[in-house]
> 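Just dropping this structure here.
These numbers come from a predicted model, not from an experiment.
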Amino acid sequence: MNPPSATGKPVAYVVDDEPMLLDLNEAALRAMGFEVRRFRGAELALEEYKKSTPPPAIIVSDYSMHRMTGLELMEACRAIHPAQKFLLVSGTVTSAVFDAALMKPDDFMPKPYSLDALAATVRKLTGS
């Protein structure tokens, strides 16, 4: 697991262009003890990621967003920190979208998903 933030909590990024899903995912991750940083676009998350020390313990990102996909965000983040944990979620594509990709997320969840499933997957990926 990555070192904690200044608050002593591990950091999670939540990236989605749907405000309601940002709210739900943020609440679930905060309940798990994460300090959550939320972004309505992948390009915003990437800008923050470039300045982040240490990097977040996990990034939970939607696939389909406006200018940059979640898969492109993952590739850009892993170019900086190759071991970055990444959970890709989507209501518009299946896991087949990254079958031919050189880099794959650590896990994929189709929308809609339960907050219990989100919590279990994040625990599995981060060990928290």
> Hey, does the side chain of D106 reach the backbone of F86 with a donor-acceptor pair shorter than 3.5 angstrom?
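Flag set: sc D106 to bb F86 pair under 3.5 Å.
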> According to salt bridge (charged side-chain N to carboxylate O under 4.0 Å, His left out), does anything in residues 46-65 pair up with another residue at least two apart or in another chain? List the pairs.
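As it turns out, the salt bridge (charged side-chain N to carboxylate O under 4.0 Å, His left out) pairs with a partner in residues 46-65, which skip direct neighbours, are E47-K50, D62-K111.
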> Would you name the heavy atoms of F39 and L22 that are closest together and state the gap between them?
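Scanning both residues completely, I find the closest heavy atoms to be O-CD2, 3.6 Å.
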> State the CG-NZ distance between D99 and K104, to the nearest 0.5 angstrom.
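The distance works out to 6.0 Å.
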> Quick one: which residue pairs count as a ring pair (Phe, Tyr, Trp, His ring centres under 6.0 Å) with a foot in residues 40-62, not counting sequence neighbours?
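Sorted result for residues 40-62: Y49-H81.
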> Out of curiosity, L115 CG to M32 CE, how far, rounded to the nearest 0.5 Å?
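It is 11.0 Å, given to the nearest 0.5 Å.
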> Any donor-acceptor pair under 3.5 Å linking the side chain of R37 with the backbone of A45?
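Checking the backbone N and O of A45 against the side chain of R37, no donor-acceptor pair under 3.5 Å is found.
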> Rounded to the nearest 0.5 Å, how far apart are CG of D16 and CZ of R40?
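Output value for this atom pair is 9.0 Å.
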> Between L88 and M74, is any pair of side-chain heavy atoms under 4.5 Å apart?
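No, their side chains stay 4.5 Å or more apart.
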> Measure the shortest side-chain to side-chain distance between C77 and I59 over non-hydrogen atoms and say whether it is less than 4.5 angstrom.
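Yes, at least one pair of side-chain atoms sits under 4.5 Å.
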> How far apart are the closest heavy atoms of E72 and R67, and which atoms are they?
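It is OE1-O, 4.2 Å.
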> Measuring from L29:CG to Y13:OH, what's the distance to the nearest 0.5 Å?
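Separation between the atoms: 14.0 Å.
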> What's the spacing between E75 CD and M68 CE if we round to 0.5 Å?
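One gets 8.5 Å once the value is rounded to the nearest 0.5 Å.
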> Could I get the full list of side-chain hydrogen bond (donor to acceptor under 3.5 Å, both in side chains) partners for S114, not counting sequence neighbours?
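S114 satisfies side-chain hydrogen bond (donor to acceptor under 3.5 Å, both in side chains) with no other residue.
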> R30: what forms a side-chain hydrogen bond (donor to acceptor under 3.5 Å, both in side chains) with it, not counting sequence neighbours?
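By the side-chain hydrogen bond (donor to acceptor under 3.5 Å, both in side chains) rule, R30 matches E26.
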> Kindly give the heavy-atom pair with the smallest separation between P55 and Q84, and that separation in Å.
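Looks like CB-OE1, 3.6 Å.
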> On a heavy-atom basis, which atom in S95 and which in F108 lie closest, and how many Å separate them?
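That would be N-CE2, 3.6 Å.
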> To the nearest 0.5 Å, how far apart are NZ in K124 and CD1 in I58?
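Between atom NZ of K124 and atom CD1 of I58 there are 9.5 Å.
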> What's the shortest heavy-atom distance between A101 and L71, and which atoms?
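Of all heavy-atom pairs spanning A101 and L71, the closest is CB-CD2, 4.3 Å.
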> So, do L118 and L87 sit near enough that their side-chain heavy atoms are less than 4.5 Å apart?
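With C-beta onward as the side chain, the pair touches.
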> Please identify each residue that fulfils side chain to side chain contact (heavy atoms under 4.5 Å, CB included) with A120, with sequence neighbours left out.
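Testing A120 for side chain to side chain contact (heavy atoms under 4.5 Å, CB included), a comparison that skips the adjacent residues, returns none.
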> Could you check whether R38 pairs with D23 (Lys NZ or Arg NE/NH1/NH2 to Asp/Glu carboxylate O, under 4.0 Å)?
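Between D23 and R38 there is a salt bridge, with a charged N closer than 4.0 Å to a carboxylate O.
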> Side-chain contact test, heavy atoms from C-beta onward, threshold under 4.5 Å: evaluate it for Y113 versus T121 and give yes or no.
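Y113 vs T121: side chains apart.
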> Who pairs with S64 by side-chain hydrogen bond (donor to acceptor under 3.5 Å, both in side chains), at least two apart in sequence or on another chain?
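In terms of side-chain hydrogen bond (donor to acceptor under 3.5 Å, both in side chains), with neighbours along the sequence ignored, S64 is linked to T92.
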